Each structure stands twice: as C-alpha cells, then as structure tokens.
Amino acid sequence: MKPLSRFKCHGMPFQIFEPLVSRSLLGIHFQRPSFCSAAAIEWRTGPNIPSANPLINEFSSYCYQWDLANAMKALDSMQKYHIWVDSVTYAELIKCCIARGAVKQGKQVHRHVFSNGYEPKTFLINTLVNMYVKFNMLDEAQALFDQMPERNVVSWTTMIAAYSNSEFSQKALEMLIQMLREGVRPNMYTYSSVLRACKGLFNLAQLHCSIIKVGFESDVFVRSALIDIYSKWGELQAALCVFNEMVTGDLVVWNSIIGGFAQNSDGVEALNLFKIMKRVGFWADQSTLTSVLRACTSLALLELGQQVHVHIIKFDQDLVLSNALLDMYCKCGSLEDANCTFNRMVEKDVISWSTMIIGFAQNGYSKKALESFEAMRFSGTKPNYITILGVMFACSHAGLVEDGQYYFRSMKKLFGIDPGREHYGCMVDLLGRAGKLEEAIKLIHAMEYEPDAVMWRTLLGACRVHRNMDLAECAAKQILKLDPDDAGTYILLSNIYANSQRWEDVAHVRRSMRDGGIKKEPGCSWIEINKQIHAFILGDKSHPQMDEISRQLNKIIWRLKEVGYVPDTNFVLQDLEGEQSESSLLYHSEKLAIVFGIMSLPKRKTVRIRKNLRICGDCHVFAKLLAKMENRRIVIRDPIRYHHFHDGACSCGDYW
DNA sequence: ATAGGGTTAG
C-alpha cells in the first residue's frame, strides 16, 4: 500500500491508502480503511487530473459528464467512507443539479459537504447558495449565507442578485449597504444586479454616481442595466445619454435602448435605433426582434411586422418572440395571420392564450374569444388576471351580460383570482353597454376601490351610446376632477351644454380650458403605404397629394350622398374632435386617410388606419357605407378598439 | 462561482 500525494488534511493525523477495490457490474465495493474515519480530506481532481483513488475517479468523471444518477450513487459511497473531493468537482455536480432542477440531489450534496467536520471552502458554499437561489429557495440561500464564516464579493452578489429579482428587492439595497459597511467592495456583477432594485430616481442617481466613481460605467453589463432601469422609470433621455457615451457596445446594450423606447410606446425612435444598429453591423437576435415587433404593434405597421416575421423564421421557435408576433398581428387587425401563428406555436403559455383571447375580443370576435378561453381551460393552462379581463371584455362587447356576470362572480372560486379595479371597469362597461346605467352606477359605488378616471370614462362611453345627458354630465365632471387635463372630456361636456342651450356653462368650460392651458389634441390618422407612414392631421394640408385626395373625397361623398349618406353634424356626445360644422367634419383625418388608402393600395387590399382619437359617429357611418360601395375591407384602430368595416357593417356593432 | 436585454391590460 502506497500513500497518496495529493490531499489536504484538516488537523488530524492521517494515513491514506487506496481502498481495496473489487468491481462488480454496477456496484463498487470498497473496503473502508478504518484509520481515515473522520479525517476531512480534499482531493484535487478534475477532468485531466486523475486521482489514484478509483472511487474519486468514478465520481469525478460522472460529475463532469453530468451523469447525475451515477454521481449521486458514488457520492453515497464517498459519504460512507468519509471521502471528499475538491470544490471544483462539487461545483460541477451542483451546476448539473441546477440545470436539471434536482432539488433533492442538491440538498444531498449540501449535507455531504458539511458532514463530519468537513469545512467546505467559500467558493463551494457560494455555489450552494447560488443553487438555492436558482431553485427559488431564498430562505435556504439566506440561511446558508448567514452561517458562512467568510463572505466574499461573490457571496454578497449572489444574494443581492437574488433579492433584486424577487419581490423583496428592498432587501437587495439593504444588503448592498451592509456589504459596504463590512468592507467588501462591490464589483460590476454587484452593480449590474442591484440596479434593478432601485426604488426611485433619487436612488438610481446615487447608484449611478457610485458606479461612475469606481469606474464601472463602461462595463457593458452595467451600462445595459443602467439603460434598462432608466427606461423602466420612463427616463428615456437619461437612458439615451448612457447609451450615447458608449464607444464599443454589444448587442444587449442595443437591445436595452431599443426595448426601452419600444416599451415606452415610442415606436418611431425604437425603429430608428434599430435601423442604426443594423447599419453599424449588428445582427438582430430574438430579443431585438421582440422589441421591433412591439414597436410595429404600437404603430400598427402590419407590413413591417410581416417583414420581421420573415426574419424570425430563421430562429428556433421562441415563446416570447412568438407571443410578440401574435400580438402584432392581433393589434394590426390581421386575425387570420394571428390565428395561423397561434396554431403553429409548439409551446403556448398563459400570455399566448391571453393575447389571442384579447385579440379576438378587441377586434369584435367575441364568440371566438370565448371559444379560445374554453380551449385554454381544456389545455390546462391556468388563466391569470389579464386573461379574465379579456374574457369579460369579450362578454361586454357581445352583450353577453349574464356570461360576463358569471365570470366576474366566480373568478375567485374558479381561478383563484380576486377581481381587481379593471374587472370592475369591465363590469361597468358590460352593464352600461346593455343600457343598465343605474346598475353600473350602483356597482361603482359598491366596489371596494375608489373609482378612477378610466372607470368614469367607461361610464361616459355608455352614456354616449344610450344618450343619457344627465349621467354623462356627472361622469364628465368626475373625470375632470381626477384628470383635469383631459381635453376630450372638456369638449364633450361643452357639447352637452351647448346641446341644452346652457351657454353660460359652455362659456365656463371653455374658460377652464383656456385658464388651464388645455389644448385639444388634433385628430390624426396614419396609414402605411409601401413601408412609408403617411400622417393626416385635421386642418393640415401639407400632404403632397392633398389636392387629389380632396378631389377624390368630394367625389366619394357625392356618390355616397346618392345612396343615402347624410353628414351628421349632431354627434353631440360622439364628436371628440369638437368640430361640428359640416365642412370640418368632412375633413376628419380618418376620412382623408381612408381615401388615400383606396387611391394608393391595390384593389382588394384592406385599408388599415390607426387613429389617435376615438372615431366619430359620422366617420363611422361614412366608413360603413364606403366599405360596401367600394367592396373593400377597412380597418380602423382607435386608442381603445378596432373597427372592421365590411359590407356596410362594422365589427363593433356600432358600440364603441 | 456572482451580472445586463424581449411577450398579454390600462
């Protein structure tokens, strides 16, 4: 028996011999040398450093092959014979446990490396702490962290990153302070993870300052984390500053800034940056394309979205990206493409289903939305807060009062989701649409939430449809209390007064608007022709083909009048653009955009318009008649709903 | 060994 050379021993007399080995088929029988009982030994092994101990060689090779089952068997024997290996090999095994989600095995490794007086190194404990973090077992991670005799920057960063990503993000900041007090210096890893735990701009500025002070601001990880958190707080200019200071950036930094603009509904800037990114020579990945799709979605750019779709095909199917694509098709009003995308998805999560349900509902296909919901329940995917909103939206849109009430009342019992403010909003919409204005008001007063401006606007919408001036006045006043800058509501209120010849009240409203410096946003409609966006703004004649468009519009109106179209200047409760004379009504931006679309697009192609304000009643009639006369599909997306005009009817069922 | 970017409503 010859002694082995590579080992370390903690404080006990030792003499190590190779165990006698006899190999059977599976099991390995070891003879335990009695004199190495409680000795804590660390063997240095590794893929290329064979040990003279065959058990260790077995174990280590299983670890590096990620053969979890056999590694655990070998670990058992090592436990029995009080043998330990080096930290790197354990770390490999732990990595394998993390990748496989093997909690039980991971805990076993944990027990093993703390057994019989063995003292694992900081490195190894860090790996175990990280394992518990990855298993989302923060309490275990914290307990292990607390009992560490020595904590280095990695130990701290592991915990800080864990808390930053959790609901206890406050704890991440506290730990950063604690870490500084104990004299451990944070590194780039620490800063890039703690940034997302910021509780506000002041906090963020403090962190940003210390990052500059220690010179980490040029690290790409820190930079992208900074850009990301500034955009999450809506500070796009600050994000852009951080971005522009960069000399050699990477793809993720680009993705951060593009995503920042896309998420803050600045699709134009997001697409602009995307263009520059490509020019500089970066290839888009799934994350980039997801943000680009989101930009297309907010701008209703179907054709650009379709181009992105072509690029997506070269990647393996990606759930988040597919969901974004699905949403793009829904929001651009192309339900056929959305449905097709949905059916082709190999993996669907609650967001995929919700997107599809909401897509059907917003585009006026309530029945299909409810069918999808049933299919979702059948598939076993659990609905969430937003799914139920989509379902209730579908019910209110189709006038399914009882179904909507059923889902509202039983959502807690069936799906374990408490009705939130938005669900109440849907109920108000549902009741209001059905003409049950009294019940809607009762619900608003009975709910446990304070009604907000959105809620009152919903009620106001119902008042407009059911022509209830008194309640409309009350709702409008409530809205202005909560949102005094809402120009549309001022105009509506003034229209209500004008209609009842309450001129003093009209003057009062106008005065409040003037005093408050509130200007109504001009109506604006966009249409995409050949990847170019054409914008039409009420009263703006700068479009190069404006003369031809006006001529065509007049011709169309003339022909429509022959089949019974009467420009309706009396949309007191409808006209949010606040222009009631016939001439201005005739030049509402959506009419110009529709006519331009008909002029420029090939014959059968659907005319797709996006609008910044709700569509007025007159334009709605105009579009319905024109769709029939020209045998064209026209889709108008306003800030809330979609109108699919076809054959003299609209998918909204004249309710919006 | 520890770190950064993407999807559903409003």
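Labels below follow one simple rule: chain letters A, B, ... track the order of the sequence lines, proteins then strands, and each chain is numbered from 1. Note that the coordinates shown come from a computational prediction; the quantities given were computed from them, not determined experimentally.
Whole-Å rounding puts the A:Asn152 CG to B:dT2 P distance at 12 Å. One interatomic measurement links the two molecules: CG of A:Leu482 to P of B:dG10, which rounds to 19 Å at whole-angstrom precision. Atom CG of A:Asp483 and atom C1' of B:dG10 are 13 Å apart (whole Å). Separating the CZ atom of A:Phe393 from the C1' atom of B:dT8 is a distance of 14 Å, rounded to the nearest angstrom. Between the CZ atom of A:Phe221 and the C1' atom of B:dT2 there is a distance of 11 Å, given to the nearest Å. Rounding to whole angstrom units, CD1 of residue A:Ile417 and C1' of B:dT8 are separated by 13 Å. Note: CZ (A:Phe243) to P (B:dG4) measures 20 Å, nearest angstrom. If you measure from atom CG of A:Asn363 to atom C1' of B:dT8, you get 14 Å, rounded to the nearest angstrom.
Between the side chain of A:Asp318 and the base of B:dG6 there is at least one donor-acceptor pair of N/O atoms closer than 3.5 Å. The base of B:dT8 sits with one of its N or O atoms less than 3.5 Å from a complementary donor or acceptor on the side chain of A:Ser354. Judged by distance alone, with hydrogens and angles left aside, A:Asn323 brings no side-chain donor or acceptor close enough to the base of B:dG6 to form a pair under 3.5 Å.
Listed by chain and residue number, nothing satisfies the side chain to side chain donor-acceptor pair (under 3.5 Å) test with A:Glu347 (two or more places apart in sequence, or in another chain). For A:Ser322, the side chain to side chain contact (heavy atoms under 4.5 Å, CB included) criterion is met by A:Gln317, A:Met345, not counting sequence neighbours. Remark: A:Ser352 pairs with A:Asn323, A:Asp349 by the side chain to side chain donor-acceptor pair (under 3.5 Å) rule, at least two apart or across chains. Under the side chain to side chain donor-acceptor pair (under 3.5 Å) criterion, A:Arg196 pairs with A:Asn165, not counting sequence neighbours.
Pairs passing the side-chain hydrogen bond (donor to acceptor under 3.5 Å, both in side chains) check and including a residue from residues 330-345 of chain A, sequence neighbours excluded, read A:Asp327-A:Lys331, A:Ser334-A:Asp337. Residue pairs that meet the side-chain hydrogen bond (donor to acceptor under 3.5 Å, both in side chains) test with at least one member in residues 451-461 of chain A, sequence neighbours left out, are A:Arg457-A:Asp483, A:Arg457-A:Asp486. Pairs passing the side-chain hydrogen bond (donor to acceptor under 3.5 Å, both in side chains) check and including a residue from residues 240-251 of chain A, sequence neighbours excluded, do not occur.
Under the 3.5 Å distance criterion, the side-chain polar atoms of A:Asn264 are left unmatched by any main-chain donor or acceptor of A:Leu236. One N or O on the side chain of A:His423 and one on the backbone of A:Tyr385 form a donor-acceptor pair closer than 3.5 Å. Distance alone, capped at 3.5 Å, is enough to place a donor-acceptor pair between the A:Asn363 side chain and the A:Gly359 backbone. Remark: side-chain polar atoms of A:Ser366 are paired, donor with acceptor, to backbone N or O of A:Ala394 under 3.5 angstrom.
Considering only side-chain N and O atoms, A:Lys95 lies nowhere under 4.0 angstrom from the phosphate OP1 or OP2 of B:dT2.
Side-chain contact of A:Thr157 with A:Thr190: a donor-acceptor pair under 3.5 Å is present, judged by distance alone.
As judged by a 4.0 angstrom heavy-atom cut-off over every strand, A:Leu226 is placed among residues making no nucleic acid contact. Contacts of A:Val253 with the nucleic acid, taken as non-hydrogen atoms under 4.0 Å apart, include base atoms. A:Arg196 comes within 4.0 angstrom of sugar-phosphate atoms only, judged by non-hydrogen atoms across all strands, and of no base. As judged by a 4.0 angstrom heavy-atom cut-off over every strand, A:Lys331 is placed among residues touching the sugar-phosphate backbone only.
Geometric assessment of A:Lys348 against the ring of A:Phe342 yields a positive cation-pi assignment under the 6.0 Å and 45° thresholds.
Using a cut-off of 4.0 Å between Lys/Arg side-chain N and Asp/Glu carboxylate O, A:Asp418 and A:Lys412 are scored as salt-bridged. Ion pairing of A:Glu371 with A:Lys368 is absent here, as no side-chain N (NZ or NE/NH1/NH2) approaches a carboxylate O to less than 4.0 Å. Salt-bridge formation is not detected for the pair A:Asp219/A:Arg223: no Lys NZ or Arg NE/NH1/NH2 atom is positioned less than 4.0 Å from an Asp or Glu carboxylate oxygen.
Note: A:Tyr424 and A:Phe408 meet the aromatic proximity criterion, with ring centroids under 6.0 Å apart. Aromatic pair A:Tyr90/A:Tyr64: ring centres not closer than 6.0 Å.
Near-neighbour residues of DNA chain B inside residues 268-282 of chain A, defined by a heavy atom below 4.0 Å, are absent. Listed in residue order, the members of residues 287-296 of chain A having a heavy atom less than 4.0 Å from DNA chain B are A:Ser287, A:Thr290, A:Ser291, A:Arg294. Contacts with DNA chain B (heavy atom under 4.0 Å) in residues 185-194 of chain A: A:Asn187, A:Met188, A:Tyr189, A:Ser192, A:Ser193, listed by number. Of all the residues in residues 163-177 of chain A, not one reaches under 4.0 Å from DNA chain B with any non-hydrogen atom. Using a 4.0 Å cutoff on non-hydrogen atoms, the parts of residues 227-238 of chain A near DNA chain B are A:Asp228, A:Lys232, ordered by number.
Taking the side chain of A:Thr157 as heavy atoms from C-beta on, and the options B:dA1, B:dT2, B:dA9, the nearest nucleotide is B:dT2. Here the side chain of A:Asp219 is nearest to one of B:dA3, B:dG10, B:dT8, namely B:dA3. Out of B:dA9, B:dG6, B:dG4, the shortest distance to the side chain of A:Ile386 is found at B:dA9. When distances are taken from the side chain of A:Val154 to each of B:dT8, B:dT2, B:dG6, the shortest belongs to B:dT2.
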